[in-house]
Peer 1: 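Submitted below is the structure of interest, expressed as structure tokens.
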Amino acid sequence: MQPIENILKNLLSQALQTAYDIDADIHIETPKDASHGDLSSNVAMTQARTLKTNPRTIAQTIVAHLDESPYVESVNIAGPGFINFFIADTFYHQVVPEILEKQDAFGSGETGQGQSVNIEYCSVNPTGSIHVGHARGAAAGDSLARIMDKAGYNVTREYYVNDAGNQIDNLAKSIEARYKELHGHDGTMPKDGYFGKEITELAQTIKSKFGDAYLGNDAAIDFFRRHGVDLFLEIIKQDLADYGVTFDVFFSEQSLYDDNEVQSTLTYLKDRNLTYEADGAIFLKTSEYGDEKDRVIVKSDGTYTYLMPDIAYHKNKIDRGFDTLINILGSDHHGYVNRLQAAIEMISGHTNKLEVNLLQIVRVFQEGEEVKMSKRSGRAITLRDLIDDAGRDAIRYFFARHSLNTHMDLDLDLAIRKSTDNPVFYAQYAHARIITLINKAKSQGYDIDPSHMTYETLKSSDARALLKWLSRYPGVIEEAAQKREVHKLANFVHSLSSSLHSFYSNVPVIKASDQRIVEHLNLMEAVRIVLSQSLNLLGVSAPTSM
RNA sequence: GUUCCGGUAGCUCAGCUGGAUAGAGCAAUGCCCUUCUAAGGCAUCGGUCGGGGGUUCGAAUCCCUCCCGGAACGCCA
């Protein structure tokens, strides 16, 4: 079914067209006060200035030109010029049979129109375990990918593996230092070394496997580099899998060098006169594309800056034919966004090819004090800790509920405690309650059966509230996908759960006439499907009992 | 100094391209389990939407300015 908002938008824009011969962006909203209708539009007021007419007059004209719709019960004009719509029950009556027919496909939309989208997120350097600070981005990217996929986009989830460059050199040197130490040699760590316990464990593993074969060996550093990256990538993948986060592509930075793509991208930029040399370095003319100043891509010592392979990487993505690239980055990268977007405009010819969603850094507090995340100290709180202590569902739901712009302070003492007042249980409990209810009814010989719905028994305000929320689901998916705002769906989950719990308390389902039982069972099953589906999109499980 | 984010109830946060009387959860208080799961429901309490100007029929929302908090401003990655 189409979101009712879209139906009304079409009606209104047609009326505007015939009455005034104008196009306008039409906004539909839900009034807080039910006496103002189910939905309303302020289009008469927004057009008042351009039409130089009293908004109430415009509203009357629009309403007079509205086509008949089976879904609109009545329309009135109120206040300064609101057009208020009362939606016919027939609209809400479609929803249960449709959900029961489509099952989990309900709410899948055409908004994305098969546009291919590459979402890059997480992309934690393989130099340590994944920690709390990365968890937000991983959750955000995964849920967004699921939602956009459902909304009809063709989504590729991608992780950029920084397996080249200084950090990896430091990792290799750190492993080597530990390895030497284990053999009783000088194990001085490099200046920016990594001190996590995994490093020592890996050195130990290498020692027991290969003995002292890599002491003073020329090939040793490459060996340590490869093993370090492999080790951490495996740990990261496992942690993410347990967090409900998966990827279609792990893209190796090193492969850009191996396949000569960095060099060819540099040549590409040079050939188009987008670079110049100064002070022995090569600059990219990003300032001509909206950046504050030009950026160095090749340093005077001949090595590349981080930007250079990153441009090659994004060129690779573009060459793979994606319509849109989305990067989800921590806000500490915001200074980097302009230059990357400038570079992408250079190579793609489009200004809005790359969309960057910045998320605010999560600050973690324990016993009232901020816990600083540091891979160097090796004392960071890991995602693994969080999953083990608080549970995947609680963490995923916690992140899903907040807008990416929110600065979050995560109180570990609170998060780790499996408190029963955790909001995730509220939604999960709603789902579990429905399951037991349906099972009970089935054991008494009733079953889901959408074939003869009369709705005669579904007239309680609690039942009607559920029908309304269910019918809103496709619109919520559409909005969350278009705006890239996962938390809109989390808000919906809460609202639907809340309506379910009210319904559950007020309306007995099983003790009633047969017709009533079946209709209510159908409703319950429809709610269950939508609840389970939307929790799944957030990376949260929908338990059958609690 | 510049840029980006945030400031909404005691706490954590919603608030839909500006809309009608600013909402949830937690905390507090009081009711509701002989009835499908009380991890629930219902009700009460709680607000100068950081301060001040402005824009207009209308501002938590847009503009200006100031205050507070966070992040970033490399030939680091």
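Both backbone and side-chain heavy atoms feed into the values below; hydrogens, waters and symmetry mates do not. Letters A, B, ... are given to chains in the order of the sequence lines, protein chains preceding strands, and every chain is numbered from 1.
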Peer 1: Can you list the residues that meet the side chain to side chain donor-acceptor pair (under 3.5 Å) rule with K173(A), with sequence neighbours excluded?
Peer 2: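 Testing K173(A) for side chain to side chain donor-acceptor pair (under 3.5 Å), a comparison that skips the adjacent residues, returns none.
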
Peer 1: Using purine N1 to pyrimidine N3 plus N6-O4 or O6-N4 for Watson-Crick, or N1-O2 and O6-N3 for G-U wobble, each under 3.5 Å, what pairs with G69(B)?
Peer 2: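 Pair assignment: G69(B) / C5(B).
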
Peer 1: Over how many whole Å does the gap from L340(A) atom CG to G74(B) atom P extend?
Peer 2: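 The answer, rounded to whole Å, is 17 Å.
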
Peer 1: What is the distance, rounded to the nearest whole Å, between atom OH of Y504(A) and atom P of A39(B)?
Peer 2: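 Y504(A) atom OH is separated from A39(B) atom P by 11 Å.
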
Peer 1: Considering heavy-atom distances to RNA chain B, does R401(A) or T436(A) have its closest nucleotide positioned more toward the 5' end?
Peer 2: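 Upstream on the strand: R401(A).
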
Peer 1: Can you sort out which residues in residues 276-284 of chain A have a heavy atom within less than 4.0 Å of RNA chain B? Ascending by number, please.
Peer 2: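 Listed by number, they are A278(A), D279(A), A281(A).
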
Peer 1: Taking the six-membered ring for Trp, is the centroid-to-centroid distance between Y159(A) and F251(A) below 6.0 Å?
Peer 2: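 Ring-ring flag for Y159(A)/F251(A): false, centres at least 6.0 Å apart.
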
Peer 1: Tell me whether the count of non-hydrogen atoms from other residues, nucleotides or ligands lying under 6.0 Å of CG in D301(A) goes above 12.
Peer 2: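 More than 12 within 6.0 Å, yes.
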
Peer 1: Suppose you measure atom C1' in C45(B) against the same atom in G30(B); what distance do you get, rounded to whole Å?
Peer 2: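 One C1' to the other, the span is 11 Å.
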
Peer 1: Using the benzene-type ring in the case of Trp, are the ring centres of Y426(A) and H501(A) under 6.0 Å apart?
Peer 2: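 Yes, close enough.
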
Peer 1: Name all residues meeting the side chain to side chain donor-acceptor pair (under 3.5 Å) criterion together with R401(A); count only those two or more places apart in sequence or in a different chain, and write none if there are none.
Peer 2: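 Partners of R401(A) under the side chain to side chain donor-acceptor pair (under 3.5 Å) test: none.
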
Peer 1: Does anything in residues 491-507 of chain A form a salt bridge (charged side-chain N to carboxylate O under 4.0 Å, His left out)? List the pairs, not counting sequence neighbours.
Peer 2: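 Every candidate salt bridge (charged side-chain N to carboxylate O under 4.0 Å, His left out) pair involving residues 491-507 of chain A fails, so no pair, neighbours aside, qualifies.
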
Peer 1: Who pairs with S541(A) by side-chain contact (heavy atoms from CB on, under 4.5 Å), at least two apart in sequence or on another chain?
Peer 2: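 Result, side-chain contact (heavy atoms from CB on, under 4.5 Å) vs S541(A): D393(A), Q428(A), P543(A).
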
Peer 1: Where along residues 488-500 of chain A does a heavy atom come under 4.0 Å from RNA chain B, residue by residue in number order?
Peer 2: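 Going residue by residue through residues 488-500 of chain A, the ones with a heavy atom under 4.0 Å of RNA chain B turn out to be K488(A), N491(A), H494(A).
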
